[in-house]
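Notes for the one structure printed next.
Just so you know, these numbers come straight off a predicted model, no measurement behind them. Start at 1 with the first residue, then count along the sequence.
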Amino acid sequence: MSQQDRKEFLRRTPIFSALSEAELDNVLPLLISRRLQKETVVFHEGDPASAFYLVRSGQVKIFKASRDGREQVFSILGEGQIFGDVPAFDGGPYPASAATMTGAEIYLIRRDDFQELVRRHPEIALRVIQVLGSRLRQALELVRDLSFKQVPHRLAGLLLKLGEEYGQETEPGLLISLSLSRQDLADIAGTSRETVTRELKKMERAGLIAINRRRITIVDEAGLKAWAR
């Protein structure tokens, strides 16, 4: 990818979009590109924080793993989204793990370089704080759902959220443009793969969604919202 292509990408990302042409030119030398295969761990929970990350393409999941190997996925990140940001500020270890869900290209900026960048451009810190605030809100919603909502309602709410973030309007309805396995959905919804399969079939029979292999289309958004309550 050319330097101009990289600059255009940075200009489209929320945290760098306010920078001038000259300021973006100063960021470019700090970017280190990594091309990763599907299911590659970027970092483990507890690893020393060495860098701040930005998704160029593909999807990356942020998760915690239990001792028996079960995962709780907190977020799925796509193009232009950041991760590894909290330790870049506080100097602590990574509080969760990150791994690719597809083949992906990511950019990293070494922690010291990122901190110097923020000192020179405080508006970047404000953008990151906005992202952190949004993630805190999502985390609180996840805790609420896991604590008080039954699986069918959690799963319906998850599909609506994925549709909002990754939806593409098609003739049948809102296509979730992510190829997610039943296990992926189970890891996010905090349940088992078998339960997800059973509940998706119920939603499909009710005319709320349509399933084509790993692709899910929301056919009746109003009905799915009612299901999620």
Side-chain angles (χ1 to χ4, degrees), residues 9 12-14 35-42 54-65 69-83 96-106 134-135 138-139 141-142 144-146 149-229:
F9 168 71
R12 296 194 304 270
T13 62
R35 291 185 179 274
L36 304 175
Q37 296 181 346
K38 181 180 178 180
E39 298 180 354
T40 299
V41 174
V42 182
L54 185 64
V55 181
R56 175 65 185 89
S57 63
Q59 278 91 45
V60 174
K61 65 179 178 181
I62 307 300
F63 67 98
K64 283 180 175 284
R70 289 181 298 170
E71 293 182 1
Q72 175 63 61
V73 175
F74 296 102
S75 57
I76 298 174
L77 308 177
E79 180 179 336
Q81 294 183 289
I82 62 175
F83 63 105
S97 301
T100 58
M101 299 184 70
T102 64
E105 181 179 7
I106 61 174
S134 175
R135 287 189 188 157
Q138 291 176 4
E141 290 174 356
L142 177 62
R144 178 204 62 196
D145 290 350
L146 290 174
K149 286 190 174 183
Q150 295 182 339
V151 172
H153 310 303
R154 294 206 302 267
L155 185 58
L158 171 60
L159 295 180
L160 289 167
K161 181 175 182 292
L162 292 174
E164 181 181 345
E165 295 180 356
Y166 299 101
Q168 296 178 355
E169 291 291 347
T170 65
E171 186 175 346
L174 189 65
L175 172 66
I176 298 173
S177 59
L178 290 176
S179 180
L180 296 173
S181 68
R182 301 295 181 266
Q183 188 61 56
D184 292 331
L185 292 171
D187 290 340
I188 304 171
T191 186
S192 68
R193 180 176 57 82
E194 293 77 13
T195 300
V196 164
T197 299
R198 183 173 63 251
E199 295 302 328
L200 287 177
K201 288 180 179 177
K202 290 180 183 178
M203 293 179 192
E204 190 172 29
R205 286 196 298 268
L208 303 177
I209 62 173
I211 303 174
N212 182 10
R213 297 181 182 177
R214 290 190 173 190
R215 299 285 181 160
I216 298 174
T217 299
I218 298 173
V219 177
D220 181 357
E221 186 172 356
L224 194 61
K225 287 180 178 177
W227 198 286
R229 292 195 183 108

Subject >> Residue Gln37 excluded, over 12 heavy atoms near CD under 6.0 Å >> reply: no
**OP:** Please check if atom CD in Gln183 has more than 12 non-hydrogen atoms from other residues, nucleotides or ligands closer than 6.0 Å.
**Re:** yes
Subject >> Over all atoms of both residues, closest heavy-atom pair of Ile106 and Val60 >> reply: CG2-CG2, 4.3 Å
Subject >> 4.5 Å side-chain heavy-atom contact, Asp184 and Val73 >> reply: no
**OP:** Might you point out which heavy atoms bring Arg182 and Thr197 nearest each other, and give the distance in Å?
**Re:** CG-OG1, 3.6 Å
Subject >> Heavy-atom pair of closest approach, residues Leu77 and Ile82 >> reply: CD1-O, 3.5 Å
Original post:
Minimum heavy-atom separation for Met203 to Ala156, with atom names?
Top reply: CE-N, 3.7 Å
**OP:** Looking only at non-hydrogen atoms, find the nearest pair between Thr100 and Thr102 and report the distance.
**Re:** CB-O, 3.3 Å
Original post:
Are Leu158 and Arg154 side-chain neighbours, meaning at least one heavy-atom pair lies under 4.5 Å?
Top reply: no
Subject >> Worked verdict on Lys64 versus Glu71 for side-chain contact (heavy atoms from CB on, under 4.5 Å) >> reply: CA-CA 6 Å; Lys64 283 180 175 284; Glu71 293 182 1; over 6 Å; no
Original post:
Can a salt bridge be assigned to the pair Lys202 and Glu199 using a cut-off of 4.0 Å between side-chain N and carboxylate O?
Top reply: yes
Result block: side-chain N/O donor-acceptor pairs under 3.5 angstrom for residues 215-229, not counting sequence neighbours:
unit_1: Asp220; atom_1: OD1; unit_2: Ala222; atom_2: N; d: 3.4
unit_1: Asp220; atom_1: OD1; unit_2: Gly223; atom_2: N; d: 2.9

Subject >> Residues, nucleotides or ligands: over 12 heavy atoms within 6.0 Å of Arg12 CZ >> reply: yes
